[in-house]
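The structure appears right after this line, and notes come after that.
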Amino acid sequence: MLNPAGTDLEESLRAALPAQSFRAIAPQYLEELRGRFRCADALLLTPATSEEVAEILRQAHARRVPVVPFGGGTGLVGGQVGEGLPRPILLSLERMNAIRSVHPEENLMVVEAGAILANVQDAAEAAGRLFPISLASEGSAQIGGLLATNAGGVNVLRYGNARDLCLGVEAVLADGSVLRGLKRLRKDNTGYDLRNLLIGSEGTLGVITAACLRLVPRPASRGAAMMVVENPEAALALLALAQERLAEGVSAFELIHRTGLDFIEQKMPNVRQPFAARPEWTVLVDLGLPGGLEADAALAALFEAALEAGLVSDGVIASSEAQRGAFWTLRESIPEANRLIGAITSHDISVPIETIPEFIARARALVGEMGPFRINCFGHLGDGNLHFNTYPPQGQDRETYAGRREEISRRIHDLVAELDGSVSAEHGIGRLKVGDLERYGDPARLAAMRAIKGALDPLGILNPGAVLRAP
């Protein structure tokens, strides 16, 4: 049985840690962004070193007190909120935010887990390099959280998930022992890959305190275009054509439905839209090319070839970096507009890329059978990750349909499973999808996960209830 973080533990920690490690709890630490998960109270600790994190975990382990790691607080599956736990320690790494070193000649950098993604991007740019993870919350998301959830973003098509951009981690395990794995090596074949075990574990196996990140050369020429396609089948054919012509020069390939553009017009009218009449389906293509190649010319040639093949009917190529940025502002405004409208259900799913048109058609039909719901389907077509969200009919409130959430999600996730997909593509399991993992997960894999959890965290103090149901 877990114990609350009581006065005796707090006094013991105050004797061992600097005063700056203690902070009064504030509401943003106790509630998930969408309000689905809440924690009544927590002991908020903000250590500044891995040694301080180790001291906290040693004492928590000795008293069997739950510890919930907290990054930027931008997670959408409740992994950062200790709902239902006896007063936990909320371990925020916001003060561990240093860029420890940058090695442009090796295309890597070492950063602490609390470093903000945007600051890491800036440090890479100052060194003439690129750290390619890009997502809407990059102004607040922290590296530790991105690694703990194996975050993706818009550039996974070219650069991979967070796991693919990390060479090593420093982490503190449940008993307070420190795993020092920050070697700047591409090859280190010395036993089990503990780095990849910790990445994606959502703070349930250890607390990542620093990471060695992989950088890439900055593209010499960048460009973006928005192209109108008739349907997802045409979008998929356009992706194949783009990759045939430009190979890994295609950095991102985003699918956008008219509903998302309508929501932006309704809730965020100051965001510029490139087409006077909002198309049913649009793709955003982003290129990054090496010296000697011009992205604008490549996009123009791609559009001409796609037009001739009957894949596109209209398009706009960014004429400047500012216009390219405006295209991405439009794309990144979709989640905020969705939030302002208020979804009944949100699904972060992935399916094999060639089945995307089938999934969209069948999922829309399934939802249509259940009622006159609005659907916004958008996402990262290039890596098979879609966000399929449902909304109440125009003029009605989502809470009217709260009782339908489980039914809608079950039918969508059953379809995903039928297509051999995943019910969590980039947001993780957290607390929201524990039941989904149990329902759709492979039994042997789940048994292995529970065995690993039991070995590394035998008392079950690390983020209990996230990923795996607490015993």
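- Listed for the D420 side chain is no donor-acceptor partner under 3.5 Å among the backbone atoms of P352.
- Proximity of a side-chain donor or acceptor of S221 to a complementary backbone N or O of A295 within less than 3.5 Å is detected.
- The closest donor-acceptor contact from the side chain of R195 to the backbone of G181 lies at 3.5 Å or more, if one exists at all.
- If you take CD on Q28 and CD on Q80, they are separated by 12.0 Å, rounding to the nearest 0.5 Å.
- Salt bridge E31/R38: present, at least one basic N to carboxylate O contact under 4.0 Å.
- Closest heavy-atom contact between F327 and A318: CE1-N, 3.7 Å.
- You'll find the side chain of L255 reaches within 4.5 Å of the side chain of I360, heavy atoms only.
- Annotation: the span from F253 atom CZ to Q243 atom CD amounts to 8.0 Å, rounded to 0.5 Å.
- Without hydrogens or angle criteria, R129 side chain to P104 main chain gives a donor-acceptor distance under 3.5 Å.
- Relative orientation of the H387 and H427 rings is parallel, given thresholds of 30° and 60° on the angle between their planes.
- Side-chain N or O atoms of R374 include one that pairs as donor or acceptor with a backbone N or O of P392 at under 3.5 Å.
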Would V434 and I429 satisfy side chain to side chain contact (heavy atoms under 4.5 Å, CB included), going step by step from the backbone distance to the final call?
-> CA-CA 6 Å; V434 170; I429 296 296; 4.2 Å; yes
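- Salt bridge status for R410 with E407: absent, with no side-chain N to carboxylate O gap under 4.0 Å.
- Side chains of L311 and V229 form no contact here, defined as non-hydrogen atoms less than 4.5 Å apart.
- With respect to R158 and D164, no salt bridge is recorded, no charged nitrogen being found less than 4.0 Å from a carboxylate O.
- E248 CD: 12 or fewer foreign heavy atoms inside a 6.0 Å radius.
- Counting heavy-atom neighbours within 6.0 Å of E308 CD, excluding the residue itself, gives a total of 12 or less.
- Atom CD of E280 has more than 12 neighbouring heavy atoms from other residues, nucleotides or ligands inside a 6.0 Å radius.
- The aromatic rings of F388 and H347 lie tilted to each other, with the angle between the two planes from 30° to 60°.
- Shown here is R186, whose CZ atom has more than 12 heavy atoms of other residues, nucleotides or ligands within 6.0 Å.
- Annotation: side chain of S346 is not in contact with side chain of R339 (no heavy-atom distance under 4.5 Å).
- Minimum heavy-atom separation, A118 to G139: CB-CA, 4.2 Å.
- Between the CZ atom of F131 and the CD1 atom of I143 there is a distance of 4.5 Å, given to the nearest 0.5 Å.
- Between L146 and L135 there is a side-chain heavy-atom pair separated by less than 4.5 Å.
- Nearest heavy-atom pair across V120 and A115 is CG2-CB, 3.8 Å.
- Judged purely by distance below 3.5 Å, without hydrogens or angles, the side chains of N119 and N97 never pair a donor atom with an acceptor atom.
- Judged purely by atom type and a 3.5 angstrom limit, D457 uses its side chain to pair as donor or acceptor with the backbone of L462.
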Audit row: V367, R364, side chain to side chain contact (heavy atoms under 4.5 Å, CB included) steps and yes/no | CA-CA 5 Å; V367 173; R364 291 173 69 88; 6.0 Å; no
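- In this structure, R405 CZ and R398 CZ are separated by 6.0 Å, a value rounded to the nearest 0.5 Å.
- Classification of R431 and E32 as a salt-bridged pair fails, no side-chain N sitting under 4.0 Å from a carboxylate O.
- Aromatic ring orientation, F70 versus Y29: tilted (interplanar angle from 30° to 60°).
- A heavy-atom distance below 4.5 Å is not found between the side chains of I208 and E170.
- Atom CG of N385 sits about 6.5 Å away from atom OG of S350, to the nearest 0.5 Å.
- When all heavy atoms are compared, the tightest approach of A252 to N155 is CB-OD1, 3.9 Å.
- With hydrogens and angles disregarded, no donor-acceptor distance shorter than 3.5 Å links the side chain of N161 to the backbone of R163.
- Annotation for K453 and L468: closest pair CB-CD1, 4.1 Å, computed over non-hydrogen atoms.
- Looking only at distances, a side-chain donor or acceptor of R404 sits under 3.5 Å from a matching main-chain atom of M370.
- The shortest side-chain heavy-atom distance between F378 and T259 does not fall under the 4.5 Å cut-off.
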After noting the C-alpha distance and the side-chain angles of H380 and L157, does the key distance pass the side chain to side chain contact (heavy atoms under 4.5 Å, CB included) rule?
-> CA-CA 8 Å; H380 320 306; L157 171 63; over 6 Å; no
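- Side-chain atoms of R214 never come within 3.5 Å of backbone atoms of L167 as a donor-acceptor pair (strictly under, hydrogens ignored).
- In this structure, K433 NZ and D348 CG are separated by 4.5 Å, a value rounded to the nearest 0.5 Å.
- The environment of CD in E230 is sparse: at most 12 heavy-atom neighbours from other residues, nucleotides or ligands sit within 6.0 Å.
- Judged by distance alone, with hydrogens and angles left aside, the side-chain atoms of E202 form no donor-acceptor pair with the main-chain N or O of G428 at under 3.5 Å.
- Counting non-hydrogen atoms of other residues, nucleotides and ligands closer than 6.0 Å to CD of E354 gives a total of 12 or fewer.
- Between P274 and V316, the shortest heavy-atom contact is O-CG2, 4.2 Å.
- Within a 6.0 Å radius of CD in E406, no more than 12 heavy atoms belonging to other residues, nucleotides or ligands are found.
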List the steps, then state whether salt bridge (charged side-chain N to carboxylate O under 4.0 Å, His left out) holds for R222 with D286.
-> CA-CA 8 Å; R222 288 181 168 183; D286 195 270; over 6 Å; no
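- Proximity of N338 to Y391: side-chain heavy atoms (C-beta onward) are separated by under 4.5 Å at one or more points.
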For side chain to side chain contact (heavy atoms under 4.5 Å, CB included), just list the numbers for T345 and F373, CA-CA rounded to whole Å, side-chain angles, deciding distance to a tenth of an Å, and then say yes or no.
-> CA-CA 11 Å; T345 62; F373 302 113; over 6 Å; no
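- With contacts defined as side-chain heavy-atom distances shorter than 4.5 Å, the pair L93/V207 qualifies.
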